[in-house]
Amino acid sequence: SIVSDDTIAPRSLTMDFSSVNRSLESLHRRRPELDAEILDLATALLQQDVSADDYLASLVKLLEAQDRWEPLAVGLYVATNIIECHTDAAGAVYVEGPRVPTISTSTDSPAAAPTFSQQQLVQLSRALLETCKNDLEHKEPRVRTLVAKAVGALVALREVELLQVTRELHDSIIASIHRLLKEGRDNSEAHSKSSAGALDDTTGWRSLETNWQALASYIAANGRDYFLQHSVDLELLEACEHSSIAHVNRHVRAAGIAVLEQWIKIAPAPVLQESDLRETTVKVLKDSLADNWSQVRMAASVLCRTFFLQLQHYDIHNLDKVYAVLVPRMCLNRFYLAQGVKLYSHDTWKLVFPKGGVDIVANCAGAVCRYYIKMCDADNHVVREAACQAVAELATKLGADPKHKEKLQPFVNMLLQALIVCFHDESWPVRDEACLACGIFCKAYPNECLEELDMLKEKWVEQLTDQIWSVRQDAGVALADAMEAYGDDMLNFLLDILKEKIPSAREQPSMSREEYLKKQNDIESHTDSQLYSCGSLAPKLKKGSVGRKEGAGRIGCSSCDITRPRSPWEATDGCIYLLREILVKRPDLSDDIVLPLLTELADVCRVKHFPQGDDLRTTLWRQLPYIATTLGKQRFKRLYLGLFLDLLMQNLEESTASALSKHAAGQCAEELAQLVGPRIFRGRLDDFQQAAFDQAMLERERAPKGPAVDDFSPFGPAGLLDTRPTADMPSAPGMPSAFPAGGQARAIPGSGYSDSL
């Protein structure tokens, strides 16, 4: 059978718009096959010796093709490319998807195209203008997108003979926008995402999206002359505001925001100072910077940067009202899960507030706190997660600063209650960030948090035994922060927890590795589970949650619900993190306290009656270098090295140990040897252990090294790594020494806040 759908067709059958020649060649590969006349036209356009008149005639015939969309699309692409080669505004508006809208000025001139005279360019432009006007609402979205790009190229040509026609095209675009919006309002049943004849929320919305894109291209190509030729009336602004905020489709919202961006770019100082355009822009940013779709947030982030940079360019001040609305949203987006939004927002903050924005945040403390509290109860779990990080940021930067501490003081109780609500969230990433944030808040405002301390201790200990390793680790960090805030009483409480929980792994039910693998591969455990849409950040068919009104729902890319029972060994694992944090913050603890705890830990970690014992030992080997460094070379070598040496070497020698535990053991052995001295460390080993140690070091030396510290990372700029351990410690095992281990200077997890505010 012949495949004709691009979504399932092999690559050889799809349309290729990566270059002019490839687009023409792809017409020959289409199935069902195109008419012979169309194929002959494509062949003629690929010839090297074709005359300008013949080339132009063939191209115009492609533009006039109506039976199939493919030749029309290729005609639009080739004609636009030719005109862009004769203008200075190629690629002025980026309309191809939810990416950072970096503008490319490169053009792709067709290799076989002849040189055109000015009159021939005008002739081609007239044909292209007629096609654009006729196909603004073409049923094929690829054609409409190409029309939008062609509009920008035609306007950028700035041909006097075409001026009136291009203005008529502008009016046609706006008339189409108003008509489509009116149809959507007057006949909502037929134009809603729930109707059978409409598109869903994840694909382009008929021609409304591409009409906004065409208008953005027109504005960008006209530049500042736009306001001399056209007026932006209140009706058009209201249409743009509605499309950017209220429209159900994300692509339409992003396209409407792109139009606002182009208007702001060319707006003169009086318009930016006070106008309906400025008011509309602030309204749109207020909503779209908090949109549930990352694509819309990205478009809004670009508009936000453009808006503030233009205000700076014209030296416009008195922005207190604007700051109160936009600063809270700008701050929160620096923690948003989508990396594009997060990193772009970081850069925007540095551009808008080059001298730092702490004073701005402090002056807007009321608006910032109220917005954060509201976002802690947002339906989207990644927003709640970001809100917890943002609240912790306030405690770190404002609460720890004597200059600004009083400005945050009136909102401390409300912020703490918002964090406590998130601490009981059904999503474990939210609980994780709330856990850390509560510890930071206790350290910044110990008296205000004292009333909730008993409940917080209960939740922290619960998190310490969680099924997720990072949650257990962060619970240890938070408990140690609370110990700093409340002193010896909290320390004694934590020591009792360690004595109680460290032996828990011995209570883990016995299980062979074969039984464990069989359980993991049990098809019944993975059948009929809830499905989720990562594309829309919405769980499919999931409704409501505890304590919320029916149908309200929680929105997220996954449920993040953990329903399996907690395992006893996980409590021991959590205690390793807690013990590390206690020793880092209280290295003065006597050996009478520390030695029994580490002796018990070393003994418990020898358990092998369940497969996850390797995971437990992996955690031990990853954290032991921190503990050793904190205790000091002499103290650790004299009292504690012998506790772990046999188990460490045994883990290296065992063929049945997991690869992760062996790797962690080799790394731990290398770092301990560097701490106490390689000869001293090796001298503590017997002959077999020395051979295992030498082999492990040889393998580590041969292993490929990680990227250089300054290399680009898709996960963020240097300094944004999520490093938990505290100050006065080496970098995490396996991390370059240039990355700090954390402590007081540790960034809020996943944020990079300390690098930006």
Side-chain angles (χ1 to χ4, degrees), residues 286 289-290 320-321 323-336 357-427 429-460 463 478 481-482 485-486 545-549 552 554 748-749 751 753 757:
K286 179 181 179 180
L289 282 173
D320 291 345
K321 292 183 179 179
Y323 285 154
V325 174
L326 300 186
V327 164
R329 290 154 179 82
M330 293 169 66
C331 286
L332 187 71
N333 280 343
R334 292 176 299 110
F335 302 91
Y336 193 65
V358 176
D359 291 339
I360 298 293
V361 174
N363 292 335
C364 301
V368 171
C369 292
R370 285 189 291 271
Y371 181 70
Y372 286 0
I373 291 168
K374 181 180 178 181
M375 292 302 102
C376 281
D377 194 41
D379 286 337
N380 190 332
H381 79 83
V382 302
V383 175
R384 302 197 300 277
E385 183 181 349
C388 290
Q389 296 176 6
V391 171
E393 173 184 64
L394 290 179
T396 302
K397 290 297 182 180
L398 300 189
D401 186 350
K403 177 182 176 183
H404 300 301
K405 189 169 185 176
E406 291 184 359
K407 293 185 178 180
L408 190 62
Q409 190 79 33
F411 309 100
V412 169
N413 288 331
M414 290 185 289
L415 291 170
L416 181 62
Q417 292 305 315
L419 289 176
I420 290 173
V421 170
C422 289
F423 213 159
H424 293 80
D425 202 276
E426 64 268 29
S427 170
V430 179
R431 295 198 308 271
D432 189 13
E433 296 301 340
C435 169
L436 277 168
C438 286
I440 293 171
F441 242 78
C442 284
K443 193 160 60 171
Y445 295 96
N447 295 330
E448 289 79 356
C449 298
L450 189 59
E451 186 177 345
E452 302 289 350
L453 184 59
D454 289 341
M455 185 277 299
L456 289 174
K457 289 195 292 187
E458 180 182 346
K459 292 297 296 181
W460 280 325
Q463 295 278 89
D481 284 341
Y486 299 109
S545 59
V546 178
R548 299 179 66 82
K549 64 182 180 180
R554 287 287 199 183
I748 309 298
S751 70
Y753 165 77
L757 198 65

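All values below come from the heavy atoms of this structure, side chains included, with hydrogens, waters and symmetry mates left out. Values in this document were obtained by computation on a predicted structure and should not be read as measured data.
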Hits for side-chain hydrogen bond (donor to acceptor under 3.5 Å, both in side chains) against Glu406, two or more places apart or cross-chain, chain-then-number order -> none
d(Arg384 CZ, Asp377 CG) to nearest 0.5 Å is 8.0 Å
Here the pair of heavy atoms bringing Tyr445 nearest to Gln409 is CE2-OE1, 3.4 Å
Given Glu448 and Phe441, is the side chain to side chain contact (heavy atoms under 4.5 Å, CB included) satisfied, shown in steps? CA-CA 9 Å; Glu448 289 79 356; Phe441 242 78; over 6 Å; no
For Lys405 and Ala444, the nearest pair of non-hydrogen atoms, with its separation, is NZ-O, 3.3 Å
Check whether any side-chain heavy atom of Cys369 sits under 4.5 Å from a side-chain heavy atom of Leu415, and report yes or no. yes
Minimum side-chain heavy-atom gap Leu394-Val361 below 4.5 Å:
yes
Distance col, row Leu289:CG vs Leu326:CG, nearest 0.5 angstrom, shows 6.5 Å
Notebook entry, point to check: How far apart are the C-alpha atoms of Trp460 and Asp481, what are their side-chain angles, what is the distance that settles it, and do they pass the side chain to side chain contact (heavy atoms under 4.5 Å, CB included) test?
Noted result: CA-CA 11 Å; Trp460 280 325; Asp481 284 341; over 6 Å; no
In short, Ser427 meets Asp425 closest at the heavy-atom pair N-OD1, 2.8 Å
| field | 4.5 Å side-chain heavy-atom contact, Lys457 and Asp454 | value | yes
Rounding to 0.5 Å, atoms CE (Met375) and OH (Tyr336) come to a distance of 11.5 Å
query = Hey, does Cys449 have a side-chain heavy atom less than 4.5 Å from the side chain of Tyr486?
reply = yes
Taking every heavy atom of Ala362 against every heavy atom of Lys407, the minimum-distance pair comes out as O-CD, 3.6 Å
Notebook entry, point to check: Side chains of Ile420 and Glu452: does their closest heavy-atom pair fall under 4.5 Å?
Noted result: yes
>> With a 4.5 Å cut-off on side-chain heavy atoms, are His424 and Lys459 touching?
In response: yes
*Find out whether Glu433 and Leu419 are in side-chain contact, i.e. whether some heavy atom of one side chain is under 4.5 Å from a heavy atom of the other.*
no
(message) Counting only heavy atoms not in Gln417 (residues, nucleotides, ligands), do more than 12 fall under 6.0 Å from its CD?
(response) yes
In this structure, CG of Leu416 is separated from CG of Leu456 (nearest 0.5 Å) by 6.5 Å
Residues at least two apart in sequence or cross-chain that pass salt bridge (charged side-chain N to carboxylate O under 4.0 Å, His left out) with Lys321, listed by chain then number, are none
Report yes if the side chains of Val327 and Asn363 come closer than 4.5 Å at any heavy-atom pair, otherwise no.
no
Output for pair (Leu332 CG, Lys374 NZ), nearest 0.5 Å, gives 12.0 Å
All heavy atoms of Tyr372 vs all of Pro328, minimum pair found to be CE1-O, 3.8 Å
To the nearest 0.5 Å, atom SG of Cys422 lies from atom CG of Asp432 at 12.0 Å
Closest non-hydrogen contact found for Ala386 with Phe335 is CB-O, 3.6 Å
